[in-house]
Amino acid sequence: TLWSVFCQLRALSPTGQIRPFSAAADGILVGEGTGLLVLKRLSDAERDDDRIYATVAGTGVAGDGAGASLMNPRSQGQVAAVRAAWADSGLDPTTVGLIEAHGTATPVGDRTELETLRTVFGAQEGPGPRAALGSVKSMIGHAMPAAGAAGLAKAALAIYHGTLPPT
């Protein structure tokens, strides 16, 4: 059923390539996987002398609202979720250095996500540093339910190693 639905929606890349945020993006590649992350309160991880890859400072959840579909996301819900996460974190959004995005490589989805990021973080002004933008999907495809865990693991490892992985 999954393959049939994705084929009917013309969501699968006919070229067999996944290119998030590229002008040549033409759809997703479906990957498979399972993601497992161990989340602990920072004080407990420090007490237990655990290796700490990153900390989660804030979270946000929102829906796309009425009328949206899988292939027609709405920026308003995404903006609400990202703003809620930044408000929950207490951090300044102008200090962001890496954005690990959803980045499905569908033209409408990527365009909507970029609109969301511009709304929340603003347009680049001046010669200062820009935040890096990536999507783990460029490396492993869209691992469906494991995609979020894979993206979080990629971002945590990038922070831990002080490296911006290529997309």
Side-chain angles (χ1 to χ4, degrees), residues 1-37 54 56 59-86 93-94 96-125 127-167:
T1 302
L2 175 76
W3 293 109
S4 176
V5 169
F6 275 101
C7 286
Q8 290 172 5
L9 292 172
R10 299 187 192 276
L12 297 175
S13 169
T15 60
Q17 304 257 336
I18 187 165
R19 301 176 189 97
F21 304 112
S22 168
D26 63 358
I28 71 168
L29 292 181
V30 177
E32 301 255 346
T34 300
L36 178 67
L37 304 164
V56 176
T59 61
V61 177
D64 280 341
S69 70
L70 177 65
M71 295 305 296
N72 189 22
R74 294 178 60 203
S75 181
Q76 296 90 332
Q78 294 176 5
V79 167
V82 175
R83 284 187 172 151
W86 279 95
T94 63
V96 67
L98 169 64
I99 297 171
E100 177 60 27
H102 191 60
T104 58
T106 60
V108 173
D110 286 356
R111 187 170 43 250
T112 301
E113 190 167 6
L114 288 172
E115 177 185 332
T116 296
L117 297 174
R118 275 190 223 94
T119 299
V120 174
F121 297 106
Q124 172 68 25
E125 296 179 16
R130 299 185 83 153
L133 175 64
S135 171
V136 74
K137 290 171 189 67
S138 67
M139 300 171 173
I140 65 170
H142 195 319
M144 305 316 269
L152 183 55
K154 177 186 164 204
L157 289 169
I159 292 166
Y160 183 78
H161 293 291
T163 302
L164 293 176
T167 290

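Quick caveat: nothing in here was measured; it's all calculated off a predicted structure.
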Report task. Measure from the side-chain N and O atoms of Thr163 to the backbone N and O of His161, and report whether any donor-acceptor pair falls under 3.5 Å. Result ->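 Such a contact is found between Thr163 side chain and His161 backbone.
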
Between [X] and [Y], is any pair of side-chain heavy atoms under 4.5 Å apart?
X	Y	answer
Leu29	Ser13	yes
Leu114	Leu133	yes
Asp26	Gln17	no
Arg74	Glu115	no
Thr119	Arg83	yes

Compare every heavy atom of [Y] with every heavy atom of [X], then report the nearest pair and how far apart it is.
X	Y	value
Arg19	Ala24	NH1-O, 3.2 Å
Ala105	Ile18	CB-CG1, 3.5 Å
Ala25	Pro107	O-CG, 3.7 Å
Val61	Ala81	C-CB, 4.0 Å
Gly109	Pro73	CA-CG, 3.9 Å
Ser135	Phe21	CB-CE1, 4.5 Å

**Report entry** Set of residues satisfying side-chain contact (heavy atoms from CB on, under 4.5 Å) with respect to Ala158, sequence neighbours excluded
**Finding:**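 Here the qualifying residues are Leu98, Pro165.
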
**Report entry** Any residue meeting side-chain contact (heavy atoms from CB on, under 4.5 Å) with Ala143, in chain and number order, not counting sequence neighbours
**Finding:**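 Per chain and number, Ala143 pairs via side-chain contact (heavy atoms from CB on, under 4.5 Å) with Ile140, Ala146.
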
Requested in this report: Indicate whether the side chain of Thr112 and that of Ser75 have a donor and an acceptor atom separated by less than 3.5 Å.
Outcome: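 No.
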
Query - Where at least one partner belongs to residues 137-155, residue pairs that pass salt bridge (charged side-chain N to carboxylate O under 4.0 Å, His left out), sequence neighbours excluded - result: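 Residue pairs passing salt bridge (charged side-chain N to carboxylate O under 4.0 Å, His left out), neighbours aside: Glu100-Lys154.
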
Query raised in the report: At what distance, to the nearest 0.5 angstrom, does CG of Leu152 lie from CG of Leu37?
Result: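 Spacing of CG (Leu152) from CG (Leu37) equals 5.0 Å.
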
Query raised in the report: To the nearest 0.5 Å, how far apart are CD in Glu113 and OG1 in Thr106?
Result: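 Glu113 atom CD to Thr106 atom OG1 measures 9.5 Å (nearest 0.5 Å).
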
